[in-house]
Novice: 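Once you've had a glance at the structure underneath, I'll fire off some questions.
Because only heavy atoms are used, hydrogens play no part in the values below, and waters and symmetry mates are left out as well, while side chains stay in. So that the names make sense, note that chain A is the first sequence line, chain B the second, and so on, each numbered from 1.
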Number of protein chains: 2
Amino acid sequence: MIKTSDEKYLRAIYQISQAEQGQKATISELAYYLDLKPPTVLERLKILQAEKLITYKKTSGIHLTKSGQKEAMNVVRKHRIWETFLHKVCKFSWSEVHELAEQLQNVNSEKLIDRLYTLSGEPQFDPHGDPIPSKTGVLPSSQRRPLLNSVEGCKCVVLGVNEDSTDFLNYLTELNIGLNERLNVEKLFSFDGSVKVKYKNSVTAVLSSKVAEKIMVTCIKANCLCKV
Amino acid sequence: MIKTSDEKYLRAIYQISQAEQGQKATISELAYYLDLKPPTVLERLKILQAEKLITYKKTSGIHLTKSGQKEAMNVVRKHRIWETFLHKVCKFSWSEVHELAEQLQNVNSEKLIDRLYTLSGEPQFDPHGDPIPSKTGVLPSSQRRPLLNSVEGCKCVVLGVNEDSTDFLNYLTELNIGLNERLNVEKLFSFDGSVKVKYKNSVTAVLSSKVAEKIMVTCIKANCLCKV
DNA sequence: TGTATTTATTAGGTGAACCTAATTTTAGTA
DNA sequence: TACTAAAATTAGGTTCACCTAATAAATACA
Ligand SMILES: [Mn+2]
Ligand SMILES: [Mn+2]
Ligand SMILES: [Mn+2]
Ligand SMILES: [Mn+2]
């Protein structure tokens, strides 16, 4: 039986592996992500390994096994469905849902998750644009890239964000940028990578590269020259 | 700051004190209720006492302080609102909601509770007929007594149950007895206290005293002779 | 290639929440 | 009242999830 706190680790490992496509997840990253110290994490990894949920070698890093992957997708599913429910049904803002979902995601009832999903209208993406896995762990796919990779003149639409911290999301909300917002990339400042965008017809904002990196978009025009 | 597990204790103490009006709550009862051993409970009571949430002396038993009472009512509120939400909005049966609510009640967000309550239609009573405290800890009152105290010929209506175990509730569901069911008390068997009732026009059932004791009703006719 | 820095690992705790077994206190009853 | 049964308490664990400090290994880079 998977414990609540196994789930925290598995989701964290999944998120980290996702974030840095292909590269290996390390103990210190995991410790940082979970707000724990490396020895604590190492200790726990040994247990997860004994439970055959992950493999770990200092050389190759941390990897989810088949069953670890399955469990991870399940927690991700729960987390994203809670976020969706909180946003769509309970009318919480997209910056409030993550923290609450962290508390709620470890409740154990598949039936409950199913009902919440139905009540939310069964969307494919959560309030941050992240894909909601199916029960079998399959993710709906969507073509997306960081706003940072745009070329000048590109017209794109916001599909999601790569971070769900309250601060970051509140910042975007302040700027009036949300999911499905159309952005015109007016100028790229190569010296610091910041990006000037225009949206809602007349509003403009200069976004730092740190921010532009975390806003995921897709080009509207075909044959756009942006890097994918 | 009140911890999750403080809340478990406070709710348990509240429930026990309620159940046995006036009588003192003891360590062994609490241990039994929480499925713990007496030394564990004693140890914890000392902490709760240091936090000024309860008073405890072996002579006078366990009592909630003012602030303990306040916290207890708050957990009770959370628990009952979750039960109500699960039943009314998520369509869980009254026998399923208690266990789930136990997991959910320790999520910390007053705002969430408020929204759930709104979504549920702000009823005064939960799916077991238990009163939902207001934010200030005030309980809506209702006149009720155990079915067991009926006199023969009494017509009464079910307002609630005194136990929320799955088994008990499933048993009632099996008999087709739910909240607001009208019961005609046809016969009392004094040798074992069981009660024969007729309802839904033609259905009859003989309920053991143990069951009749836990079904809370109110008489329909004025001047009924039933004990209150 | 050698040294400095970062990362991982080991060793040895702590505190919380539980437990059992033994003892003492209290309460119920012959 | 004296004895017995039940309840409370004390003493002394165990396990779990965390920690710090010290050491070893890996990596970066001059
Ligand atoms: Mn999230
Ligand atoms: Mn999300
Ligand atoms: Mn309940
Ligand atoms: Mn209830």
Novice: Looking at A:Glu110, I'd like to know if its CD atom is crowded, meaning that more than 12 non-hydrogen atoms belonging to other residues, nucleotides or ligands lie closer than 6.0 Å.
Specialist: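 At most 12 heavy atoms, drawn from other residues, nucleotides or ligands, come within 6.0 Å of this atom.
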
Novice: Roughly, in whole Å, what's the span from NZ in A:Lys37 to C1' in D:dC16?
Specialist: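 These atoms are roughly 19 Å apart.
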
Novice: B:Ile27 has an atom CD1; how far is it from atom C1' of D:dT10, in whole Å?
Specialist: 12 Å

Novice: Answer yes or no: are there more than 12 heavy-atom neighbours, outside A:Tyr33 itself, under 6.0 Å from its atom OH?
Specialist: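 Counting other residues, nucleotides and ligands, OH of A:Tyr33 exceeds 12 neighbours.
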
Novice: Rounded off to whole Å, could you give me the CG-to-P distance for the A:Leu36 and D:dC16 pair?
Specialist: 17 Å

Novice: Assess A:Arg77 against A:Tyr117: is NZ or CZ under 6.0 Å from the centre of the six-membered ring, and within 45 degrees of the ring's axis?
Specialist: yes

Novice: Base, sugar-phosphate, or nothing: which does A:Ser28 touch, judged by heavy atoms less than 4.0 Å apart?
Specialist: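 Answer is sugar-phosphate: A:Ser28 comes under 4.0 Å of backbone atoms only.
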
Novice: Can you check the B:Lys24 NZ to D:dA8 C1' distance for me, whole Å?
Specialist: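 My rounded result for the distance is 11 Å.
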
Novice: I need the CD-C1' distance between A:Glu43 and C:dA11, as an integer number of Å.
Specialist: 12 Å

Novice: If you only use heavy atoms from C-beta on, which nucleotide in C:dC19, C:dA17, D:dT10 is closest to the side chain of B:Lys46?
Specialist: D:dT10

Novice: Looking at every strand, decide which applies to A:Tyr56 at a 4.0 Å heavy-atom threshold: base, sugar-phosphate, or nothing.
Specialist: sugar-phosphate

Novice: Give the nucleotide from the list D:dT27, D:dA17, C:dT10 with an atom nearest to the side chain of A:Leu42.
Specialist: C:dT10

Novice: Tell me what B:Lys57 touches on the nucleic acid: a base, only sugar-phosphate, or nothing, going by heavy atoms under 4.0 Å.
Specialist: nothing

Novice: Of all the choices, C:dA17, C:dA8, D:dT9, which nucleotide is nearest to the side chain of B:Pro39 once you look at every atom?
Specialist: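 Nearest listed nucleotide: D:dT9.
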
Novice: Ignoring the backbone of B:Lys58, work out which of D:dA8, C:dA8, C:dA11 is nearest its side chain.
Specialist: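 Nearest listed nucleotide: D:dA8.
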
Novice: Side chain of A:Tyr9 only, heavy atoms from C-beta on: which candidate in D:dC18, D:dA11, C:dT26 is closest?
Specialist: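 Among D:dC18, D:dA11, C:dT26, the one nearest the side chain of A:Tyr9 is D:dC18.
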
Novice: Calculate the interatomic distance between A:Lys3 atom NZ and D:dC16 atom P; express it in whole Å.
Specialist: 7 Å

Novice: To the nearest angstrom, how far is B:Ile16 atom CD1 from D:dA7 atom P?
Specialist: 13 Å

Novice: Quick one: which of C:dC18, D:dA8, D:dT10 gets closest to the side chain of B:Thr26?
Specialist: D:dA8

Novice: Atom CG of A:Leu45 to atom C1' of C:dT10: distance rounded to whole Å?
Specialist: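 These atoms are roughly 15 Å apart.
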
Novice: Counting C-beta onward and ignoring hydrogens, is there a side-chain heavy-atom pair between B:Ile113 and B:Ser109 closer than 4.5 Å?
Specialist: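 Not touching, per the 4.5 Å side-chain cut-off.
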
Novice: Around A:Gln18, counting heavy atoms of other residues, nucleotides and ligands shown, do more than 12 lie under 6.0 Å from its CD?
Specialist: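 Yes, the 6.0 Å shell around CD holds more than 12 heavy atoms from other groups.
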
